[in-house]
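Here the structure comes first, spelled out in structure tokens, and everything after it is commentary.
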There are 2 protein chains.
Amino acid sequence: MAKTNERSQRGGHTGVSIEDVAAAAGVSTATVSRAVRGLPRVSPATREKILDVAASLGYVASSSASGLATGRTRTIGVLAPFVSRWFFSKAIEGADRELHSRKYNLSLFNLGGHGSNRERLFSSTMVYKQIDALLVLYMALSEDEQEHLHKLDIPLVVVGGHVENCPYIGINDYDAASTAVRHLLDLGHKDIALLHGDDETDLNFDVPRVRIRAFQEVMSDAGLEVRPEWDQWGDFTVASGQQAFTRLWNQPGRKPTAIFCSSDEMAMGVIFEAYRHGVRVPQDLSVIGIDDHDFSASLGLTTVGQRPDNQAELGTKMLLDELDGHHGAVRSQVAPHELIIRETTAPPCR
Amino acid sequence: MAKTNERSQRGGHTGVSIEDVAAAAGVSTATVSRAVRGLPRVSPATREKILDVAASLGYVASSSASGLATGRTRTIGVLAPFVSRWFFSKAIEGADRELHSRKYNLSLFNLGGHGSNRERLFSSTMVYKQIDALLVLYMALSEDEQEHLHKLDIPLVVVGGHVENCPYIGINDYDAASTAVRHLLDLGHKDIALLHGDDETDLNFDVPRVRIRAFQEVMSDAGLEVRPEWDQWGDFTVASGQQAFTRLWNQPGRKPTAIFCSSDEMAMGVIFEAYRHGVRVPQDLSVIGIDDHDFSASLGLTTVGQRPDNQAELGTKMLLDELDGHHGAVRSQVAPHELIIRETTAPPCR
DNA sequence: GTGAAAGCGCTAACAG
DNA sequence: CTGTTAGCGCTTTCAC
């Protein structure tokens with residue numbers, strides 16, 4: 001008792017340790033450890049007493065100490081190329097949901113960009129021994145980075161896209177894109193432009209490529225022509241959608257009656273700029289995207305929706321289950337997508 | 001040497017420890033510790049050798065072990081009410097920038113909402129002994145939560161708003177809002193509506209209130225009437241902006257020629273819905289927001305811009321400086337804002 | 001400039 | 001059911 005007072009009086013900032021609790025409760029630290037972690041082999045009476053004492057002392061176990069003792073940090077890493085873009089921020093929210101409901105911490109690593117134009121390279125040292133598992137939000141990874149990832153030797157899952165040799169969770173991009181294009185076709189469109197994402201960044205960033213292929217195949221299956229000058233490039237941002245529209249409309253010749261955008265953000269850029277040019281959506285131009293961005297409903301954007309938050313939540317759940325000893329919990333899974341028809345698509349007027 | 005091999009052969013997953021490096025380099029662990037951390041009192045020759053050995057062995061210090069030994073975790077916590085809203089995601093990116101450039105980790109705590117309608121309550125136990133400092137992204141905090149915050153007894157700064165008794169970084173909301181309203185006045189508007197944020201959530205969430213007050217005072221200083229029916233309420237989201245426009249336009253009587261929105265997201269909602277109603281922006285209605293959201297330039301939205309990323313970066317810097325022993329590094333500071341005139345404001349037509 | 005040794009606070013056998 | 005006893009891997013005096 002005397003010792004406890006002594007400690008807390010000077011210690012103060014160091015915080016109350018398990019020893020303080022043990023002393024105050026008149027038990028050993030081992031028992032306190034069991035009690036506070038809800039482990040068996042503690043009598044109800046002592047457990048209650050310990051919990052009371054711990055609460056009154058404001059005891060919280062040191063994560064460093066237990067981490068050192070157990071080899072587990074109880075934090076999982078989330079690797080993202082961006083945090084302020086819709087897909088990633090939603091995914092982070094989803095991961096966080098699962099993590100915190102299971103008392104894990106989320107350590108965020110923002111790489112700042114894709115592939116080669118990345119601010120910070122991913123290296124295993126930055127997360128090594130700091131996290132128990134890693135959730136990778138989709139991005140182009142260099143060979144080096146992929147190697148680092150595998151060297152880590154901790155549970156790993158990638159959300160939102162396909163990475164070589166890694167379990168991943170994401171929508172079927174081919175189907176999603178096909179659905180979008182077919183919606184346009186069903187409406188009667190024949191002159192359809194494509195606004196796709198970057199396909200040149202890196203070898204293993206295949207989402208853009210798959211969506212492009214879906215577009216092309218659905219078009220040619222329908223006996224429709226894919227005009228190269230209507231094939232526009234963007235980087236998934238609103239600004240790039242805006243620029244793409246400008247390029248499209250500034251070139252001579254016939255204009256498309258519809259445009260399939262690889263992301264809602266690019267679709268928004270197209271719509272904003274169309275408005276400026278006096279091009280009416282959907283009367284003059286139908287626009288469809290992919291994602292179902294938070295703003296899409298308000299904008300009335302027709303899209304093929306996906307839920308990155310749920311994808312990341314599922315991925316996180318798998319990771320934690322794996323850590324809980326459920327071997328094989330982490331495995332690839334296809335996430336759902338859904339056509340959401342709103343007001344930016346309509347039959348062509350001509 | 002024999003011992004090392006033994007260790008690494010079975011250990012494997014445990015990783016290489018400082019002892020392994022020490023043994024392989026023929027020095028003590030103390031020297032390795034000094035060498036890898038770049039501390040003085042190590043001869044250039046030994047340092048080089050140790051670094052080489054460490055690199056070839058792939059040594060990375062265990063954060064738990066050094067955390068336990070030093071009492072520092074080298075991670076700072078970021079507390080946010082949301083992560084997928086512009087202000088917060090940008091702030092997180094800013095904090096991350098500073099943190100990772102200084103080799104700190106970012107632990108994200110997403111509370112999921114403001115004040116009472118929050119999913120997860122903030123309690124000091126969730127971060128206690130896990131972080132060295134805390135960056136709070138602006139939100140309404142309950143009394144309890146504020147108390148917890150202070151009990152934490154670690155460096156703390158709030159970004160984006162004012163919290164009782166805490167150092168904070170953010171724009172001068174009064175000035176920013178006044179600037180926006182005055183821009184409308186300068187254009188010749190007299191019939192100005194207000195779309196403000198929630199002011200009822202919590203006592204200490206004063207950003208909405210300050211902006212409202214600025215609007216009212218600038219208006220009355222100009223001898224203009226503030227019409228109660230043009231005072232609309234939102235929650236900073238696009239959807240709420242959209243609804244506010246609908247309410248405004250569905251009521252009988254005169255319509256405003258301009259609307260000042262407390263955030264760009266709400267302004268976007270207004271613009272989207274105005275478009276649906278055939279109300280032209282800016283001819284029939286001028287719209288101005290606050291923030292300079294990523295989409296605002298593409299949309300052509302006139303706004304009063306701020307940089308949450310820079311604010312959070314600065315806050316983080318202060319926190320780390322404080323941890324580095326620079327006492328008094330953490331202190332309140334006003335961040336800049338700037339009127340950005342684009343295409344959604346113009347002189348009134350009537 | 002370098003090493004020995006004593007912890008940091010907790011967990012995990014192993015006894016009892 | 002509970003206590004004892006080793007560590008976990010690193011840092012940090014304090015000697016040398």
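Quick note: numbers below take in every heavy atom, side chains included, and nothing from hydrogens, waters or symmetry partners. Here is the naming used below: chain letters follow the sequence lines, and residue numbers restart at 1 for every chain.
- Residue B:Val32 is out of contact with every strand shown, counting any heavy-atom pair closer than 4.0 Å.
- Computed from coordinates, the B:Glu48 CD to C:dG1 P distance equals 16 Å when rounded to whole Å.
- The closest side-chain donor-acceptor pair between B:Arg97 and B:Ser101, if any, does not fall under 3.5 angstrom.
- A:Asp144 has no carboxylate O lying under 4.0 Å from a charged side-chain N of A:Lys151, or vice versa, which leaves the two without a salt bridge.
- Between A:Arg41 and C:dA15 there is no side-chain N or O to OP1 or OP2 distance below 4.0 Å.
- Comparing D:dC10, C:dC10, C:dT11 against the side chain of A:Ser17 picks out C:dC10 as the nearest.
- Atom NZ in B:Lys129 sits about 10 Å away from atom C1' in C:dC10, given to the nearest Å.
- Contact between the side-chain N/O atoms of A:Arg72 and the OP1/OP2 oxygens of C:dC10 is not found at any separation under 4.0 Å.
- At the phosphate of D:dT2, OP1 or OP2 sits under 4.0 Å from a side-chain N or O atom of A:Ser43.
- Put simply, B:Ser33 has no side-chain N or O that comes within less than 4.0 Å of OP1 or OP2 on D:dC10.
- Protein atom CZ of B:Arg37 is 17 Å distant from nucleotide atom P of D:dG9, rounded to whole Å.
- Judged by distance alone with a 3.5 Å cut-off, a donor-acceptor contact links the side chain of B:Arg34 to the base of C:dG3.
- Taking the six-membered ring where the residue is Trp, A:Phe109 and B:His100 present tilted rings, their angle falling between 30° and 60°.
- Summarising the geometry of A:Leu108 relative to B:Asp96, their closest heavy-atom pair is O-OD1, 3.9 Å, with the distance given to 0.1 Å.
- Relative ring orientation between B:Phe88 and B:Phe82 is described as tilted, the plane-to-plane angle lying within the 30° to 60° band.
- To the nearest angstrom, P of D:dG3 lies 14 Å from CZ of A:Arg47.
- Nucleotide C:dG9 holds its P atom 11 Å from the CD1 atom of A:Ile18, rounded to whole Å.
- Not one side-chain nitrogen or oxygen of B:Ser62 sits closer than 4.0 Å to the OP1 or OP2 atom of D:dG9.
- A residue-by-residue look at B:Thr46 and B:Ala69 shows that B:Thr46 has its nearest nucleotide of DNA chain C further toward the 5' end.
- Rounded to an integer number of Å, the gap from A:Leu68 CG to D:dA6 P is 18 Å.
- B:Leu39 places its CG atom 10 Å from the C1' atom of D:dT11, with the value rounded to the nearest Å.
- Within the 4.0 Å cut-off from OP1 or OP2 of C:dG3, at least one side-chain nitrogen or oxygen of B:Ser28 is found.
- The side chain of B:Thr29 contributes no N or O atom lying less than 4.0 Å from OP1 or OP2 of D:dT11.
- When every heavy atom of B:Tyr59 is checked against every heavy atom of B:Ile18, the shortest pair comes out as CE1-N, 3.4 Å.
- Across all strands shown, A:Ala30 has heavy atoms under 4.0 Å from base atoms, whether or not it also approaches the sugar-phosphate.
- In this model, the phosphate group of D:dG3 is approached by a side-chain N or O of A:Thr31 to a distance below 4.0 Å at OP1 or OP2.
- Among the heavy atoms of the strands, none lies under 4.0 Å from A:Ser64.
- If you take CD of A:Glu19 and P of C:dC8, they are 8 Å apart, rounded to a whole angstrom.
- Across the interface with DNA chain C, nearest-nucleotide mapping of B:Thr70 and B:Val42 shows B:Val42 to be the residue nearer the 5′ end.
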